[in-house]
Amino acid sequence: MHRPVQRLSRILACAAVPVIFVAAGCSSDSDDSASAAQSGKQSPSASGGASSDAGSGKATVKEEQTPKAKFAKLPEACKALSEKTVEDLVPAAKDKSGTAGTSDEASTRGTCSWNGLKSNGVDGSQYRWLSVSLVRFDSDPTLGTGDKRAASYQEKQLRSTQATEGATGLKTASVAGVGDSASAVRYDLKKKEGSFKQQTVLARTANAVITVDYNGAGLAGDKAPDADKLLKDAENAAKEVAASIAAANSSGSGATGSTGSGDSSGKGGASASPSQKSDDKSGDKSGDSKAGSDDKASEKPSDEKSSDSKSSDSKPDEDKPSASASATSAE
């Protein structure tokens, strides 16, 4: 009588065991799924962080690849040539200290000019006009290195000079020993006072561009000056200006650049002149003038567009002599 009851109890106990195992299995699967879901939520965050770090790293590398420009400043244009040089090139100069052009960016642009009329009595007079223009470019991660920007500006100035209206017998030649690269443009320009011999030397030294304009004429019956000598004098003046730029940026004067030519390696390279960056995009206005007029110059050349203007002054001993005038206007 009792045996059937005991057997039934055993059967029921055995049947309950699988139920417990099944419940435990379901609970384990549920816990594993929750853990996986939690891990999945965390992984995108970690991945995003890695991606953000990588992006930041690329930006840093790009910035470090733009080297700082060699020259951080310019000398005063009117002091870039020695008094002796001015006296030799412009005898009887009206103002030996020169006439400085106006500029809102003295650290990136400057101009100065001298003119004089030396009387030779009954034989006539010799007229000379000399101008020095300096333009400096900072490196910029977007616009390029100072050297590259200066080279672009130099090329545009060269094309502008070659397009001078009324020029005859125009010749262009490269010049050795002046900065990193230099070219000379020479031509004759007829005016009612006489025939003027124009010499223009365009030189680049690292991130700075030098323009030396030098012209002369024999007036009132005096013979025309020797164009070859005028050119040689202009080339020597450009060399002297290049040396003045280097001296202004020497270690003793607090310069940041290296002593070699070209860009020095450095980190960053952002333009030291905020206004320069905006002008690189809007255009360039140059204060260069072959006629000796004082032009207002504002820096920012990258998209510079050059154009020539001419002086019609009939008095060669005025501050605006009768010679071709060039002014660049728009990086």
Side-chain angles (χ1 to χ4, degrees), residues 71 74-101 109-118 126-136 150 153-154 157-158 161 164 171-187 189 196-206 208-217 225-249 261 286-295 297 316 319 321 323-326:
F71 298 129
L74 294 172
E76 292 182 40
C78 289
K79 295 182 179 179
L81 293 175
S82 67
E83 291 183 3
K84 184 180 185 307
T85 297
V86 172
E87 184 177 349
D88 290 342
L89 271 60
V90 189
K94 295 174 64 176
D95 185 355
K96 292 183 179 181
S97 61
T99 301
R109 183 182 295 276
T111 61
C112 190
S113 64
W114 299 261
N115 72 88
L117 184 66
K118 182 181 179 182
Q126 284 291 323
Y127 175 76
R128 296 292 185 273
W129 183 81
L130 172 68
S131 173
V132 170
S133 171
L134 308 174
V135 183
R136 184 184 65 81
Y153 177 76
Q154 178 191 22
Q157 289 293 91
L158 177 61
T161 303
T164 300
K171 296 179 181 179
T172 302
S174 59
V175 179
V178 182
D180 295 302
S181 66
S183 298
V185 181
R186 55 194 300 183
Y187 55 85
L189 196 64
F196 289 78
K197 303 288 186 180
Q198 174 69 41
Q199 322 295 318
T200 298
V201 176
L202 289 157
R204 179 184 67 82
T205 173
V209 177
I210 302 164
T211 304
V212 173
D213 286 314
Y214 187 42
N215 68 53
D226 183 349
D228 290 336
K229 184 179 186 308
L230 292 179
L231 178 60
K232 190 63 178 178
D233 288 341
E235 292 175 357
N236 289 335
K239 290 180 183 179
E240 188 173 332
V241 174
S244 294
I245 294 175
N249 288 270
S261 65
S286 170
D288 305 333
S289 169
K290 293 189 181 70
S293 59
D294 297 330
D295 299 309
D319 287 339
S324 152
S326 73

Worksheet item: N115 versus L130: any side-chain heavy-atom pair under 4.5 Å?
Response: no

Worksheet entry | side-chain contact (heavy atoms from CB on, under 4.5 Å) between Q126 and L117, intermediate numbers included | CA-CA 6 Å; Q126 284 291 323; L117 184 66; over 6 Å; no

Item to complete: Taking the side chain as every heavy atom from C-beta outward, state whether L158 and V185 have any pair of such atoms under 4.5 Å apart.
Response: yes

Worksheet item: Can you tell me how far NZ of K96 sits from NZ of K84, rounded to the nearest 0.5 angstrom?
Response: 12.0 Å

Worksheet item: Is any side-chain heavy atom of V241 less than 4.5 Å from a side-chain heavy atom of L81?
Response: yes

Discussion item. With a 4.0 Å cut-off on N to O distance, would you call D228 and K232 a salt bridge?
Written reply: no

Worksheet entry | Residue pair T85 / S82: nearest heavy atoms and the distance that separates them | OG1-OG, 2.9 Å

Discussion item. Quick check: closest heavy atoms across T205 and G179, and the distance to 0.1 Å?
Written reply: CB-CA, 4.1 Å

Item to complete: Please test I245 against L134 for side-chain contact (heavy atoms from CB on, under 4.5 Å), starting from the C-alpha separation and ending with a verdict.
Response: CA-CA 9 Å; I245 294 175; L134 308 174; 4.1 Å; yes

Worksheet entry | Single hit among V201, L230, L231 for side chain to side chain contact (heavy atoms under 4.5 Å, CB included) with Y214 | L230

Worksheet item: If you take all heavy atoms of G110 and A77, which pair is closest and at what distance?
Response: C-CB, 3.8 Å

Discussion item. In the structure I gave you, are the side-chain heavy atoms of Q198 and D213 within less than 4.5 Å of one another anywhere?
Written reply: yes

Worksheet item: Between A80 and S244, what is the shortest heavy-atom contact and its length?
Response: O-OG, 2.8 Å

Item to complete: List the steps, then state whether side-chain contact (heavy atoms from CB on, under 4.5 Å) holds for L202 with I210.
Response: CA-CA 6 Å; L202 289 157; I210 302 164; over 6 Å; no

Worksheet item: Which atoms form the tightest heavy-atom contact between S97 and C112, and what is the distance?
Response: O-SG, 4.2 Å

Item to complete: Spell out, as yes or no, whether a donor-acceptor pair under 3.5 Å connects the side chain of D180 to the backbone of A206.
Response: yes

Discussion item. Measuring only between side-chain heavy atoms, which start at C-beta, is W129 closer than 4.5 Å to F196?
Written reply: no

Practice prompt. Measure the spacing between OH of Y127 and CG of N215 and express it to the nearest 0.5 Å.
Written response: 6.5 Å

Worksheet item: Are side-chain heavy atoms of D233 and D88 found at a separation under 4.5 Å?
Response: no

Discussion item. Please give me the minimum heavy-atom distance between V86 and W114, naming the atom from each residue.
Written reply: CG1-CD1, 3.5 Å

Worksheet item: Ignoring hydrogens and geometry, is there a side-chain-to-backbone donor-acceptor pair from R136 to F71 under 3.5 Å?
Response: yes

Fill in: Nearest-0.5 Å distance that lies between atom CZ in R204 and atom OH in Y153
14.0 Å

